[in-house]
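Since this is a predicted model, take the numbers as computed values, not measurements.
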Amino acid sequence: MQQDLVLGLRMEDVLLHIISASAVVFNGQDLEMMDESFWSDVDFVREKITPNFASYIISKTLTEKAALQFGAQHGLDVVTVIPSLVVGPFICSKFPGSVRSSLAPVLGAFLPGRPRPLLCNFPLLNDAPQAAHIFLLEYSDAKGRHNCSSHIMNLKKLSEFLRAKYPEFPIPTPESLAETKGLECPGLSSKKLLDTGFKFNYGVEEMFDDAINCCKEKGYL
């Protein structure tokens, strides 16, 4: 659901950790929005999710739980940042899975004979994980989990947006995607993070503009 980024930082008695929305949303509950009280259910994931992705979700979930438990046992204030699908420019040498997933209609993933992307409904953001990490490092009252997600899209809305914004790409129509099957991820409520005074800086257009321009520069488009 993001770039494969896991950061741990010890500063005096505070541990900050960037984890993943995968540790929140895969629990079989049919809800439109989830806050930090929700956890992915390991048994549900093992039963319902393909093995390769299931191992990723389980590792993220158990890692975050272990970090919070470690903090409780050792007197640390553990602060976790839980980002959704990161969309935007990238500097890594490989094509990030989060950007590939969000640009699936642009990349031809819905053409006949091509494998379909896993997600049909997903929360999005841009550079916020790093910005939130720095912000919470300096926020003295930060404690526990913090969802970090600025927007939510489903395939229909994504198709409508991309077709209007980027007519040069053969993006499927919303009607042709109506029967596409996949995971319907809920949105992540970022109220706790926003209540600290943190602000998101990018809208959907900027996020996709930056991602597509970066892909062009790197030869993926």
Any side-chain heavy atom of [X] within less than 4.5 Å of one from [Y]?
X      : Y      : answer
Arg163 : Pro174 : yes
Tyr139 : Val79  : no
Thr61  : Phe26  : no
Gln73  : Gln69  : yes
Asn147 : Lys192 : no
Val204 : Met153 : yes
Leu76  : Phe70  : yes

Separation between [atom1] of [X] and [atom2] of [Y], rounded to the nearest 0.5 Å:
X      : Y      : atom1 : atom2 : answer
Lys165 : Ile212 : NZ    : CD1   : 9.0 Å
Asp209 : Asn213 : CG    : CG    : 6.0 Å
Ile58  : Asp41  : CD1   : CG    : 9.5 Å
Glu175 : Lys156 : CD    : NZ    : 7.5 Å
Lys199 : Ser150 : NZ    : OG    : 14.0 Å
Cys92  : Lys218 : SG    : NZ    : 7.0 Å

Please name the pair of heavy atoms, one in [X] and one in [Y], separated by the smallest distance, quoted to 0.1 Å.
X      : Y      : answer
Ala21  : Ser84  : CB-CA, 4.0 Å
Ser102 : Pro105 : O-CD, 4.0 Å
Glu36  : Ser189 : OE2-O, 3.8 Å
Ala67  : Val78  : O-CG2, 3.4 Å
Pro83  : Ile19  : CD-O, 3.8 Å
Ile152 : Pro186 : CD1-C, 4.0 Å

With a 4.5 Å cut-off on side-chain heavy-atom distances among I, L, V, M, F, W and Y, is there a chain of contacts connecting [X] to [Y]?
X      : Y      : answer
Ile171 : Leu221 : yes
Ile18  : Leu137 : yes
Ile82  : Ile134 : no

Angle class for the Phe200/Phe198 ring planes (parallel below 30°, perpendicular above 60°, tilted otherwise)?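 The arrangement is perpendicular - the two ring planes meet at more than 60°.
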Are the side chain of [X] and the backbone of [Y] linked by a donor-acceptor contact shorter than 3.5 Å?
X      : Y      : answer
Ser55  : Asn52  : yes
Thr173 : Ser176 : yes
Ser159 : Pro172 : yes
His146 : Gly144 : yes

Are there over 12 heavy-atom neighbours, none belonging to [X], within less than 6.0 Å of that residue's [atom1]?
X      : atom1 : value
Lys191 : NZ    : no
Lys157 : NZ    : no
Glu32  : CD    : no

Can you name the side chain to side chain contact (heavy atoms under 4.5 Å, CB included) partners of Phe38, sequence neighbours left out?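 Listed in chain order: Val24, Asn27, Gln29, Leu31, Met34, Asp35.
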Qualifying residues under side chain to side chain contact (heavy atoms under 4.5 Å, CB included), relative to Phe95, sequence neighbours excluded: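 Scan of Phe95 (side chain to side chain contact (heavy atoms under 4.5 Å, CB included), adjacent residues dropped) gives Phe90, Val99, Arg100, Leu107, Cys215, Tyr220.
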Test: salt bridge (charged side-chain N to carboxylate O under 4.0 Å, His left out). Region: residues 135-147. Which pairs qualify, not counting sequence neighbours?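 Pairs touching residues 135-147 that pass the test: Glu64-Arg145, Asp77-Lys143.
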Does Phe208 form a side chain to side chain contact (heavy atoms under 4.5 Å, CB included) with Val106? I'd like the steps, not just the answer. CA-CA 11 Å; Phe208 279 91; Val106 178; over 6 Å; no
